[in-house]
Amino acid sequence: MNYDLIILCVAFSLFGIELFVLKLKKRKITLDQTVLNLGLGMIERLIGILTINFGLYFFTFLIPWRFIDPFGPPWLAFAVAFVAVDLMWYVYHRLSHRVSMIWAAHMIHHQSKEYNFSVNFAISPLGFIARIFVYGTLIFFGITPENIIIANAVNALYQYLLHSELWPEFKGWERIFVTPKFHQLHHSSVHEHLDVNYGGVFSIWDRIFRSYRIDDIPIVYGLTKEIEQQDPFHTQALFFLKLIHNFRKLPFKRAVALLFLGPEAQTSEMPRVYKVPIKHNIPRIIFGFLIFIVGYIFLSREEYPDWLSFTIGFFGIFIMSGLILKYRHNYKEEV
């Protein structure tokens, strides 16, 4: 059974329900931003599905080097794993905002100017790979790979549900748990909200490490500087190219230092990757999504080569993203 496809269908179904309710309530939701978020998620799934086996192999590889053997009854072992995974999420999440070469992957999750379930799809496959190494450290302390994987799945589901403005505030709960309002402030680009509220399930880590904040300042979603080219391929690559661009424009030592400093240390200049017109329409989006699903299914089946599956999948994303390539031959310039 293809569990990844089932999870993908459930995630899209929840977003479809939210979209229906948002339309009934006449809340703002734009086609351009939604398609961009979904396109980013489709890229992540194509690449991410190949890293699952690597994660299992890496966790198993670390078992002989653990300091502590698995302990306690199953319920206690899972409870410890769940709290430990949430703590490691906090560590990774805070680093992803404070270290530019990790922010390059995490940035795409914050580019959305709208806040709904589609934001969950706007993630980078490189972030998934980085978390494998972060969570792998828990193996040394007697936490089993199975408990890490299950705890991470529950953590991810909880965080998925946070990304909606339809929930009530759950006022008072934020002192222990991450609530939708608590996480909304994390996605705000208002100066007072930058670098706060990193928790995944428990807000206690933010209280301990002094990144906790709750206020009534109006929220503005998105980045402090908007990305010009709004398509998933450009958005995935932009900040990485910015870090590479630093090595061309700045002294080598400074460019290396900027890899580890926060994004605020970067220069304001951004590399021009490409400028391509984008035009969305519903039939094109549906057609591209169906092609992507075909490639995604092929990728999980051994009888089809990976290069074919990737080609079909990325072709579907390209169609869905609305990119329009125009070729013109200027005879006057040639003369």
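Since the model is a prediction, treat every value here as computed from it, not as a measurement. We count residues from 1, following the sequence as given.
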Is it the case that atom [atom1] in [X] sees more than 12 heavy atoms from other parts of the structure closer than 6.0 Å?
X	atom1	answer
Phe287	CZ	no
Glu303	CD	yes
Tyr274	OH	yes

Problem set entry | ring pair (Phe, Tyr, Trp, His ring centres under 6.0 Å) involving Trp167 - partner list, sequence neighbours excluded |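 Trp167 satisfies ring pair (Phe, Tyr, Trp, His ring centres under 6.0 Å) with no residue once adjacent residues are dropped.
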Going from [atom1] on [X] to [atom2] on [Y], what distance comes out if it is rounded to the nearest 0.5 angstrom?
X	Y	atom1	atom2	answer
Tyr115	Ile29	OH	CD1	13.5 Å
Tyr158	Phe177	OH	CZ	6.5 Å
Ile312	Phe292	CD1	CZ	12.0 Å
Glu165	Ile219	CD	CD1	7.5 Å
Arg94	Trp205	CZ	CH2	14.0 Å
Leu19	Leu24	CG	CG	10.0 Å

For this session: Give the minimum heavy-atom separation between Gly127 and Ala105, together with the two atoms involved.
Result: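 In terms of heavy atoms, the two residues are closest at N-CB, 4.2 Å.
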Problem set entry | Minimum heavy-atom distance between Phe239 and Ser100, given as atom pair plus value |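 In terms of heavy atoms, the two residues are closest at CE2-O, 3.7 Å.
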Strictly distance-based, threshold 3.5 Å: is any side-chain N or O of [X] a donor or acceptor partner for the main-chain N or O of [Y]?
X	Y	result
Thr51	Phe54	no
Ser188	Tyr221	no
Tyr92	Val134	no
Ser203	Glu174	yes

Problem set entry | Criterion side-chain contact (heavy atoms from CB on, under 4.5 Å) on His110 and Trp103, from CA distance to verdict | CA-CA 10 Å; His110 284 266; Trp103 168 250; 4.1 Å; yes
Problem set entry | Intermediate values then yes/no, side-chain contact (heavy atoms from CB on, under 4.5 Å), Tyr304 and Val294 | CA-CA 11 Å; Tyr304 301 106; Val294 171; over 6 Å; no
Exercise. Phe128 and Ile123: same hydrophobic cluster, using ILVMFWY side-chain contacts below 4.5 Å?
Worked result: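 No, Phe128 and Ile123 fall in different hydrophobic clusters.
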Using a distance-only test with no angle check, is there a side-chain donor-acceptor pair under 3.5 angstrom linking [X] and [Y]?
X	Y	value
Lys242	Thr267	yes
Gln236	Glu44	no
Gln266	Asn246	yes
Asp206	Asn197	no
Asn116	Ser118	yes

Problem set entry | Asp195/Arg213 salt bridge by N-O under 4.0 Å criterion |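 Here Arg213 does not pair with Asp195 in a salt bridge, since their nearest N and O are not under 4.0 Å apart.
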For this session: Quick one: do Arg284 and Ile319 satisfy side-chain contact (heavy atoms from CB on, under 4.5 Å)? Show the steps, please.
Result: CA-CA 7 Å; Arg284 181 185 172 108; Ile319 293 174; 3.7 Å; yes
